[in-house]
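Every chain is numbered from 1, with letters handed out A, B, ... down the list of sequences.
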Amino acid sequence: MPRYAVFGLSLASDIEFPELTPAAEYGAPAAFRLRAPACPSSRNRWVLEIPRENGAPWLSVGRAGDAMLLRFHGVADFHFAHGGLDVEARPAPGASIDDVRWHFLDHVLPRALAASGRTVLHASAVETDRGALVFVGESGSGKSTLAASFCAAGARLLSDDGVLIDTEMRVVPAYPVHRLWPAALPVLGSASVLDSKEKQRRAPSASAWRTSSVPLFRVFVLAPHIPGREWIERASGAEAMLALVRQAYRLDPTDRDRAGAEFRFLGQLSAAFPALILAHPRTLADLQSVQIKICEFSS
Amino acid sequence: MPSAFSFARRVAVSPETLIRVVDGESVILNLKNESYYGLNDVGTAFWARLSTSPTIAAACELLAREFDAPPDRIRQDMQEFVEALAQRGLIAVACE
């Protein structure tokens, strides 16, 4: 089976992942296996439901026997042992393999990593001369666009959406993909895709992708812009830690041991790297000014 | 408003409550329901005294000196603080 580097893991897979870098020896083992389509089962015990913005089901988290089950409705069921990184995917009828693979990378792996005791944040990250800059925020807060703008200016991408921080406070590279809304594609020099409302995937060049871990340098929490207010302000201690807690990937909300361990780690992280609130205008025209401000706070 | 508990009692922090102080403020996690709460610097001082004093009244005395505030005001704030924490299952007022 081919092996790939992803999130510091050596991922063995029975299908190709063209967006990943082949790597025979890289890190802890993980696996992806594509299986026959899912069969309905009444034995699943669901613990969490996350709907789409329109209320339709998006993700159901449950247990199927001893295994964890992530059901992305209309895409696939993903099974793995709690704490394990050996994932079986059973596609939904009609689902494309691209969609299954992307859901595995974007949504399943960060949650499986979190359940295995690692900390993954909803964030983007880039490597600069001073270390890793991490931009934490909700979906749609602009973290991918910001990371892409730094990469266009010479920084190297560490992650577009899920940032894994190890126990030595280093950012572990995720996988080399920018995911941008069509209107943000010009940030990377690509033409806009006017007929799509989906995020578009673009691979960075080899020189714009970091392949090994980078010490954390600054954490920015993205917040809505308020005209007249400073774009960057220091977050208070509780505000900073709560922002990280809110943006940490979690798999099973009933797993108290994991919640406690994550709480302690994020406390250490918040104390060691006081976060800054970044509330800049969400316009492409302001991106260069935002970068300059960020660099001023990162010197 | 009369207090629902005696200030002569002490509070017990639930074993399922975790607290972390960051830069003078606190974040509390209730493991029972995975709820998170933030305390500002004053709330953090109240928590510190409340969780280590032999009685709620003793915590109030310390805080009145610390903040140079009228004891009645501190007692009123403490009553609201204890009720809010107890309501969220973070502490219990111990039996005499």
Side-chain angles (χ1 to χ4, degrees), chain A residues 46-50 61 82 111 114-115 117 119 121-122 136 138 165 167 169 216 218-221 223 233-277, chain B residues 11-53 59-60 62-63 66-69 73-74 76-92:
Chain A
W46 302 107
V47 297
L48 179 67
E49 302 277 347
I50 302 177
V61 178
H82 193 282
R111 287 171 172 81
T119 296
L121 300 174
H122 286 281
V136 180
E138 307 276 351
I165 299 175
T167 54
M169 303 294 174
L216 181 58
R218 282 276 187 277
V219 175
F220 294 87
V221 176
E233 290 180 339
R234 172 93 184 266
S236 76
E239 187 181 17
M241 184 172 167
L242 283 169
L244 299 187
V245 163
R246 275 194 289 271
Q247 297 306 331
Y249 278 92
R250 273 180 209 99
L251 180 65
D252 181 354
T254 63
D255 184 348
R256 295 182 183 187
D257 290 345
R258 180 60 202 130
E262 179 196 271
F263 183 79
R264 285 183 279 272
F265 180 77
L266 292 178
Q268 290 171 15
L269 178 61
S270 305
F273 296 91
L276 297 159
I277 302 292
Chain B
V11 301
V13 177
S14 161
E16 287 171 310
T17 297
L18 301 182
I19 183 163
R20 172 82 195 195
V21 179
V22 183
D23 199 16
E25 299 187 339
S26 303
V27 177
I28 299 172
L29 165 60
N30 184 349
L31 284 167
K32 276 180 283 197
N33 53 14
E34 219 205 328
S35 295
Y36 296 85
Y37 306 94
L39 295 179
N40 63 13
D41 52 348
V42 176
T44 299
F46 269 57
W47 178 281
R49 296 302 179 213
L50 185 64
S51 59
T52 54
S53 296
C60 289
L62 289 169
L63 288 163
E66 208 169 302
F67 287 97
D68 194 19
R73 175 65 195 275
I74 293 288
Q76 188 185 332
D77 289 348
M78 180 61 87
Q79 180 180 329
E80 290 172 13
F81 189 62
V82 168
E83 286 172 357
L85 295 173
Q87 196 175 30
R88 288 162 177 79
L90 301 169
I91 61 166

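- For the side-chain contact (heavy atoms from CB on, under 4.5 Å) test with A/R111, the passing option among A/D252, A/V61, A/L251 is A/L251; the others fail.
- Among the residues in residues 241-248 of chain A, those with a non-hydrogen atom closer than 4.5 angstrom to a non-hydrogen atom of chain B are A/M241, A/L242, A/V245.
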Verdict with reasoning, B/V22 to B/V27, per side-chain contact (heavy atoms from CB on, under 4.5 Å): CA-CA 8 Å; B/V22 183; B/V27 177; 5.5 Å; no
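- Top candidate by heavy-atom pairs under 4.5 Å with chain A, chosen from B/R20, B/E16, B/K32, is B/R20.
- If you tally non-hydrogen atom pairs under 4.5 Å between each of A/A271, A/G267, A/P274 and chain B, the highest count goes to A/G267.
- Side-chain contact between B/L63 and B/D77 is absent, with no heavy atoms from C-beta onward closer than 4.5 Å.
- Checking side-chain atoms of B/R49 against main-chain N and O of B/A45 turns up no donor-acceptor pair under 3.5 Å.
- Atoms CG and CD, from B/L29 and A/E262 in turn, are 9.0 Å apart once rounded to the nearest 0.5 Å.
- Contacts between A/R258 and chain B at a heavy-atom distance below 4.5 Å are absent for every atom of the residue.
- In this structure, chain B has a heavy atom under 4.5 Å from the backbone of A/E239, while its side chain stays farther away.
- Of the listed residues (B/L31, B/N40, B/T44), the greatest number of heavy-atom pairs within a distance under 4.5 Å of chain A belongs to B/L31.
- Residues B/W47 and B/I91 are in side-chain contact: their nearest non-hydrogen atoms beyond the backbone lie under 4.5 Å apart.
- Remark: A/S236 pairs with B/E25 by the side-chain hydrogen bond (donor to acceptor under 3.5 Å, both in side chains) rule, at least two apart or across chains.
- Classification of the B/F46-B/F67 ring pair by plane angle, with boundaries at 30° and 60°, yields tilted.
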